[in-house]
Amino acid sequence: RANMLAIIDGTNIVRRFYHAGGTFSLPRFVDRVVKQTVADRIVIAWDAKQPYWRHELYADYKAHRHDDPQAAAFVRNVAREAKGARIAGYYADGMEADDVAATLVATATEECVVVTSDKDWCQLIADGARWLAPINGGGLEERDEAWVWRFYSVGPGVWPDYVALAGDTSDNIPGVRGIGPRRAAEILREHDAVAWALTAKGPDTAAAVELWKRLATLRTDANLRAL
């Protein structure tokens, strides 16, 4: 079989356990990932300190999220634990774990599986990665292209276009007024988001959609630094 690289969304996974009020054992979680993926190599992607490059483009990006000092401290403690256990971790100044993972997928020589509950990472399926998401009860659920189609009626390859039109409240991306998820999916069956906005709504809306699409697109040029 081909070698397998598992990329864990460290910030996302650790915060998920923290807010769920459960205990988190990094070795146990890594062991679960290894058993389910048969990964030869494990790396953890971490968010850098804010602000991110997305804030430079759109100051209100994730503006509704308030920093929780205790959650941040919990993440830092687990990151130190990972380093002590010699589990490779990477971050990139001004970037989120999303971009770190996308860069790792783009440059990997192995097959890749990403582990996160962040739906934005679904676009990495279009780049050949598998996606595992933690679910209630402690398991990991495989979410493939068919899963994305079933829940969102679009494919992973047009996810940034979908977010640009429908918006994403979790990231405070407004999308186009009056265009919900269903209408966005209908539009994307025949059109590119920006091209549709230019024709249907005009240049101002098209410029906004282009910005939302850029915010939703994971970058593959992160200057990775070992944690």
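Since the model is a prediction, treat every value here as computed from it, not as a measurement.
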Single hit among I13, D9, L26 for side-chain contact (heavy atoms from CB on, under 4.5 Å) with I44: L26
Identify whether V154 and F151 are in the same connected component of the hydrophobic contact network (ILVMFWY, side-chain heavy atoms under 4.5 Å). yes
How close do V209 and A197 get, counting heavy atoms only, and between which atoms? CG2-CB, 3.8 Å
In terms of side-chain heavy atoms, does D161 have a donor or acceptor partner in W196 at a distance below 3.5 Å? no
Is there a side-chain contact between V100 and E96 in this structure, where contact means two heavy atoms from C-beta onward sitting under 4.5 Å apart? no
L140 and R32, any side-chain heavy atoms less than 4.5 Å apart: yes
How long is the span from the CD atom in E186 to the CG atom in L165, to the nearest 0.5 Å? 11.5 Å
Check: N172 side chain, H64 main-chain N or O, donor-acceptor pair, under 3.5 Å: no
Using every non-hydrogen atom in the two residues, find where V33 and V115 come nearest and quote the distance to one decimal. CG1-CG2, 4.1 Å
Heavy atoms, side chains only, cut-off 4.5 Å: are Y18 and Q70 in contact? yes
A side-chain contact here means heavy atoms from C-beta on lying under 4.5 Å apart; do L57 and L211 qualify? yes
Using modelled atom types and a 3.5 Å cut-off, is there a donor and acceptor pairing between side-chain atoms of T220 and backbone atoms of A106? no
Between S153 and A185 (side chain of the first, backbone of the second, donor and acceptor by atom type, cut-off under 3.5 Å), is there such a pair? no
Spacing of OG1 belonging to T205 relative to CD belonging to E210, to within rounding of 0.5 Å: 12.5 Å
Please identify which of these residues, E110, E111, E142, meets the salt bridge (Lys or Arg N to Asp or Glu O under 4.0 Å) condition with R130. E142
Answer yes if I8 and Y91 sit in the same cluster of Ile, Leu, Val, Met, Phe, Trp and Tyr residues linked by side chain heavy atoms under 4.5 Å apart, and no otherwise. yes
What is the distance from atom CD of Q36 to atom CG of D31, rounded to the nearest 0.5 Å? 11.5 Å
Polar side-chain atom of W131 near backbone of T116 as donor-acceptor pair, under 3.5 Å: yes
Provide the closest heavy-atom pair for A92 versus N223 in the form atom of the first, atom of the second, distance. CB-O, 3.6 Å
Heavy-atom distance under 4.5 Å between the side chains of L124 and P156, does that happen here? no
Go through it in stages, so that I can follow the logic: the residues are V43 and L5, the test is side chain to side chain contact (heavy atoms under 4.5 Å, CB included), and I'd like the CA-CA distance, side-chain angles, deciding distance and then a yes or no. CA-CA 8 Å; V43 301; L5 167 64; 4.0 Å; yes
So which heavy atom on L227 is nearest to which on A79, and how close? CD2-CB, 3.7 Å
If hydrophobic clusters are built from ILVMFWY residues whose side chains come within less than 4.5 Å, do I42 and V75 share one? yes
Mind listing the closest non-hydrogen atom pair of I179 and A184 along with its distance? CG2-N, 3.8 Å
Is a side-chain donor or acceptor of D60 paired with a backbone partner of A63 at a separation under 3.5 angstrom? no
Determine whether a donor-acceptor pair (N or O, by modelled atom type, separation under 3.5 Å) exists between the side chain of H55 and the backbone of Y52. yes
Rounded to the nearest 0.5 angstrom, the OH-CD distance for Y61 and Q50 is 9.0 Å
Taking atom CG of D98 and atom CZ of R219, what is their separation to the nearest 0.5 Å? 12.0 Å
May I ask you to test the R16-P134 pair for a side-chain heavy-atom distance under 4.5 Å? yes
Is it true that, when you exclude R28 itself, more than 12 heavy atoms of the residues, nucleotides or ligands shown sit nearer than 6.0 Å to its CZ? no
Steps toward side chain to side chain contact (heavy atoms under 4.5 Å, CB included) verdict (K213, D192): CA-CA 11 Å; K213 180 177 178 178; D192 167 86; 3.2 Å; yes
Would R54 and D99 pass as an ion pair if we require N to O under 4.0 Å? yes
Going through the distances and angles, do V163 and W212 end up as a side chain to side chain contact (heavy atoms under 4.5 Å, CB included)? CA-CA 7 Å; V163 172; W212 309 146; 5.8 Å; no
Is the closest side-chain heavy-atom distance between S170 and R65 below 4.5 Å? yes
Salt bridge check, D93 against R225: does any charged N sit closer than 4.0 Å to a carboxylate O? yes
Specify whether F29 and F17 have parallel, tilted or perpendicular ring planes, treating 30° as the upper limit for parallel and 60° as the lower limit for perpendicular. perpendicular
I'd like to check D168 versus K119 (side-chain heavy atoms, cut-off strictly below 4.5 Å). Are they in contact? yes
Parallel, tilted or perpendicular: which describes the rings of Y152 and W159, with under 30° parallel and over 60° perpendicular? perpendicular
Any donor-acceptor N/O pair, D171 side chain to I173 backbone, under 3.5 Å: no
Going hydrophobic residue to hydrophobic residue with side-chain gaps under 4.5 angstrom, can you get from Y90 over to I7? yes
Decide, yes or no, whether a salt bridge links E145 with R150 under the criterion of side-chain N to carboxylate O below 4.0 Å. no
Euclidean distance, W46 CH2 relative to N12 CG, rounded to 0.5 Å: 10.5 Å
Any idea which heavy atoms bring P160 and Q123 closest together, and the distance? CG-OE1, 3.7 Å
Derivation and outcome, side chain to side chain contact (heavy atoms under 4.5 Å, CB included), residues E81 and N77: CA-CA 6 Å; E81 181 186 355; N77 287 338; over 6 Å; no
Looking at L132, is its backbone amide N or carbonyl O close enough to the side chain of E141 to form a donor-acceptor pair, meaning the two atoms are under 3.5 Å apart? no
Connected via hydrophobic side-chain network under 4.5 Å: V114 and W147: yes
